[in-house]
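Counting from 1, the numbers follow the sequence of the chain as shown.
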Amino acid sequence: MRAAGRAAWARLWDRVAASDPGLLRLTAGLRTVASIALTLAVLSLLYSSVPHLVAGAMSAMVSTFAIREKQRAGQAVTLALGLPVALASVSLSALLNARVVAGDVFFVLLIFGAVYSRRFGDRGTALGLIGFQIYFLSLFVGATVSALPQLYGVIGVAFVCSALVRFALVPETPTGTLDRLRRAFRARFAQLVTAQLTLLDAGPDDMEKALDDVREGTARLHETALLIQGRLEDGTSDEAVARLVQRRIADAEIAAERLGLLLLTARSAERGHTLTLHLPGAPVPSADRLPVRDGTTDTLRHELEALRLLVLRPVGADSGTGLAYVRNRLLGYREEENLPDASDAVQDVFRGIGEAARAVLGLRIAVDGPQDESEDTPATTRSREELDAEDVAIAGSEDAERTGLRRPTTRAAVQVAVGSSLAIIGGEFLSSQRWYWAVLTCWIVFLNTSSTGEILVKGYRRLLGTVLGVVAGIGLAGLVGHHTWTAFALVLLFIFAMFYTAPLSYTLMSFFVTAMLGLLYTLLHTYSASVLVLRVEETALGAACGVVAAALVLPVHTDRRTNELLGTVLARLTDVTEAAVDQLSGGVQAELLDKARDLDQALADLSASTQPLTHPITPLRARRDTARFVVALLETCAYHARYLAATAELLPTHPSIAADPRLREAGHRIVHNIGVIGAHVADGEAVGLIETGPSIASLLRPGTPGTPRYGRVTDRVLRHLQRLDEAVVGLARPLGVPIPAPSK
């Protein structure tokens, strides 16, 4: 019974870890709630008034969530610098409280400085955020000069409690975060294999739903891989270990994605296209093959379940003859051992399972060190030898700066200052007491946004969440009444929910913020339904001022922003493709994994920037479909480029891959076409034609007379080059790049 309970708990924990990679949201929510709770406990022991309790809670929240640095020493320095910034901010607010014009002018200057400070990295961003939020806090609680000594004490207690929670009660180290991210990667890998099992068994009516689950699982695995790569430098002992883990994560991601494509091919009458895994709403291939209840399909289903078991097995549980037997059997498929008598497509799925098992083995070795080899078969031994050779090879192995108003931080600072000025003026007309809500909304809609469209979507989501939060706030205020500690307990619950849902839904976050503020107003005895309705009006005004400022002051239109990011993605794709093909052709080694990571990050930025174009409320349906199609094609290109980069780094250690100088010509065509598309995106008047011709696979087919044995490349490399070439040509059509008509 206890064993079953532990197993159930482990499964539940794996689900949590998979939905929250690295438990980053859970940790952020717990740390913030713990800081507030500790602050409230200390202040209550000092018999502080309710307004001071509210001020302490908000100060603890700000001093906790503002700090984003990864290293503990940097966090401590920023927290220490944040305290005098907070004290100076509340002092100036209290001094200028009676001087309306001077106070408003200073508030606008403070907002400009807080946004401009983002150019100085995480520390500048944190200090600017603390300065702005504490000034806002002083307006919220009505700080006066006579109350400053007590407010100093409250803020000091909040910062000390925040430090205690951050460094002692809920500590976070780069190594610990990276370890949790690796566990999340394992859980998401297993979830993807589960989705692939469903795809294997899906009937014609369930095929679309099963394919959507595979798409979602593939995207989540990629998201976790990006999070891991972003924390490798700080979370590993040295650069060599970081590069090794980065390589093994990339191997596992590619193997999992390829296995899904092979399954799709086995289910379809035609070869599955990678685009199908990246484009929601893409036509579902006809499922006229599998599933059938025969021995081969049952074996395939059994081996996918075995792969999932291998992925999920916790570290330290690898010993035992049973698991070693499973691992050895799966790795044997790489060596053509025990392949069933079936079609080539089905045999490819078994080979793909073997490649995925090898990726799991490589990741285990990279993370946990040498494994027990006593039960190894010859196939497993060869896999280990390949991994060891790759490890040795891995161990051995800037944009122009913008200045002035072209610098994003400067432009955003000017825009938010203008928008805040409008919000102050309009907010004063709505309420001379609570005008600052409009300013807060204007400030928030500019955070982490880069174009007018992004600001518009964020403003809409904040307004929607605020309206729903007002309804909840009215109901909660009636239920809680003036039960102080019940209200504070609900405030803590809403703050946790706010941080936990922030990366998932900005609307949900705004809902919890507004519901929490309704409770705070109740605690301050300033609650009324009209106050919450006023908050909706101020929020709408602030969002409108932000959109107006973004549209009229140094505007960055969505099309321009997406074109800039599209150009960046194409440049990074060129870097990866050119370097990988050069290395596969016998050229010099390059930092291919770093280039592939830069490509993935650029593509993630582009995907985020297209949200205004792909939002369900957009009236331009054709442009929405085009944006989705372009992003999906780029994800396809990135997948094939990642594979080429990973394969190129195996040279010269892999026994079945050797350099082939003829690849340069094929790579030249791909790079040329990417360059033509990039020039057209940057300048619609650019002249250039896409090069087309015979397929790369037919030009470089292994076994061509005269090809030296040591100069051949694998079929798989050729297929990825061919698919990359096709995807790039396909990218030209929706972007309006001319393609020559085929010669007759």
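If you take CD1 on Ile134 and CG on Leu110, they are separated by 11.0 Å, rounding to the nearest 0.5 Å. Atoms CZ and CE, from Arg462 and Met509 in turn, are 6.0 Å apart once rounded to the nearest 0.5 Å. Put simply, CD1 on Ile155 and CD on Gln150 are 12.0 Å apart, with the number rounded to the nearest 0.5 Å. The structure places OG1 of Thr78 at 12.0 Å from CZ of Arg68, a figure rounded to the nearest 0.5 Å. Separating the CG atom in Leu493 from the CZ atom in Phe512 is a distance of 7.5 Å, to the nearest 0.5 Å. Note that CD1 of Ile36 and SG of Cys161 are 11.0 Å apart. Values are rounded to the nearest 0.5 Å.
Between the side chain of Ser420 and the backbone N or O of Ala417, no donor-acceptor pair lies under 3.5 Å. The main-chain N or O of Tyr135 is found under 3.5 Å from a side-chain atom of Ser89 such that the two form a donor-acceptor pair. For the pair Ser607 (side chain) and Leu603 (backbone), a donor-acceptor distance under 3.5 Å is absent. Remark: the backbone N or O of Ser44 is not paired with any side-chain donor or acceptor of Ser48 at under 3.5 angstrom. Proximity of a side-chain donor or acceptor of Arg72 to a complementary backbone N or O of Phe167 within less than 3.5 Å is detected.
In this pair, Phe140 and Trp437 present their aromatic rings perpendicular. The plane angle is above 60°, beyond the 30 to 60° band. By the 30° and 60° cut-offs, the orientation of the rings of Phe132 relative to Phe136 is parallel.
The shortest side-chain heavy-atom distance between Met498 and Thr32 does not fall under the 4.5 Å cut-off. Side-chain atoms of Arg118 and Leu129, non-hydrogen and from C-beta on, never get closer than 4.5 Å to each other. Side-chain atoms of Leu137 and Val90, non-hydrogen and from C-beta on, never get closer than 4.5 Å to each other. The shortest distance between side-chain heavy atoms of Leu463 and Val536 falls below 4.5 Å. Side chains of Leu634 and Val630 form a contact here, defined as non-hydrogen atoms less than 4.5 Å apart. A 4.5 Å side-chain heavy-atom check between Leu87 and Phe159 finds every atom pair outside the cut-off. Within the 4.5 Å cutoff, no side-chain heavy atoms of Phe496 are placed close to those of Leu492. Side-chain contact between Val160 and Val42 is absent, with no heavy-atom pair separated by less than 4.5 Å.
Ser510 and Thr466 are not linked by any side-chain donor-acceptor pair at a separation below 3.5 angstrom, with hydrogens and angles left out of the test.
No close placement of the Phe107 and Tyr436 rings is indicated, their centers lying 6.0 Å or farther apart.
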Starting from the C-alpha separation in whole Å, work towards a yes-or-no answer on side chain to side chain contact (heavy atoms under 4.5 Å, CB included) for Phe112 and Val414.
CA-CA 7 Å; Phe112 177 89; Val414 173; 3.8 Å; yes

With side chain to side chain contact (heavy atoms under 4.5 Å, CB included) as the test, would you mind laying out the steps for Leu151 and His52 before giving the verdict?
CA-CA 7 Å; Leu151 280 176; His52 287 154; 4.1 Å; yes

Please step through salt bridge (charged side-chain N to carboxylate O under 4.0 Å, His left out) for the pair Lys209 and Asp212, ending with a clear verdict.
CA-CA 5 Å; Lys209 173 64 168 59; Asp212 283 341; over 6 Å; no

Could you walk me through whether Leu127 and Leu81 satisfy the side chain to side chain contact (heavy atoms under 4.5 Å, CB included) test, starting with their C-alpha distance in whole Å, then the side-chain angles of each, then the deciding distance to 0.1 Å, before giving a yes or no?
CA-CA 8 Å; Leu127 295 179; Leu81 293 174; 4.0 Å; yes

Assess whether side chain to side chain contact (heavy atoms under 4.5 Å, CB included) is satisfied between Glu564 and Thr568, documenting all intermediate values.
CA-CA 6 Å; Glu564 287 178 354; Thr568 302; 5.6 Å; no

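Residue Leu43 is tested with Leu38, Val54, Val154 for a side chain to side chain contact (heavy atoms under 4.5 Å, CB included); the sole match is Val154.
Nearest heavy-atom pair across Ala543 and Thr441 is N-CG2, 3.5 Å. Scanning all heavy atoms of the two residues, the minimum distance from Ala423 to Leu541 falls at O-CD2, 4.1 Å. Minimum heavy-atom separation, Leu606 to Thr562: CD1-O, 3.6 Å. Taking every heavy atom of both residues into account, Ala515 and Leu476 meet most closely at CB-CD1, 4.5 Å.
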